[in-house]
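It should be emphasised that the depicted structure is a prediction, and the values quoted were computed from it without experimental measurement. Just so you know, ligand 1 is whichever comes first in the structure, and atom 1 is the first atom listed for that ligand.
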Amino acid sequence: MDGELILVVEDQPLNRKLVRDVLQAKGYRTIEAETGEDGVRMAHEQLPALILMDIQLPGISGIEALQRLREDPVTRALPVIAVTASAMQQNQREILAAGFDGYLPKPIDIASFLEVVRKKLDEGVRDEAN
Ligand code: MN
């Protein structure tokens with residue numbers, strides 16, 4: 001049985017590898033983008049079940065990438081979780097206000113990371129009421 005497809009948008013290779021290894025060890029399939037622009041394009045083309053979005057990226061930020069995903073009817077309902085350093089100025093409240101479906105701090109805690117991923121996948125596509 002193939003696991004759900006998860007798109008990881010992250011510019012740091014070591015962070016990308018950690019997230020990939022953790023997800024693949026649980027049987028999820030992963031695709032990766034190093035920039036927000038590539039992430040938006042890949043999301044549109046491959047419709048992952050979940051997107052994990054870094055905030056600090058070269059080119060457009062994760063917040064801008066989220067806005068582009070929400071503007072595209074094809075990707076609008078895809079769940080997107082922000083994955084970002086908790087010490088950054090964008091705190092959890094600001095990130096959720098930007099429209100993300102969840103927030104995970106870096107460095108990731110593997111157990112809680114996987115728990116949030118599973119929960120969000122089980123919830124499925126977003127309620128588009130708001
Ligand atoms: Mn980054």
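Side-chain polar atoms of Arg118 and Tyr28 form a donor-acceptor pair below 3.5 angstrom. With no hydrogens or angles considered, no side-chain donor-acceptor pair links Gln56 and Thr84 at under 3.5 Å.
Using a cut-off of 4.0 Å between Lys/Arg side-chain N and Asp/Glu carboxylate O, Glu32 and Arg20 are scored as salt-bridged. Salt bridge status for Arg41 with Asp38: present, with a side-chain N to carboxylate O gap under 4.0 Å. Using a cut-off of 4.0 Å between Lys/Arg side-chain N and Asp/Glu carboxylate O, Glu37 and Arg68 are scored as not salt-bridged.
Every pair passing salt bridge (charged side-chain N to carboxylate O under 4.0 Å, His left out) that includes a residue from residues 47-62 is listed here, sequence neighbours excluded: Asp54-Lys106.
Listed by chain and number, the protein N, O or S atoms at a distance under 2.8 Å from the Mn ion (ligand 1) are Asp11 OD1, Asp54 OD2, Gln56 O.
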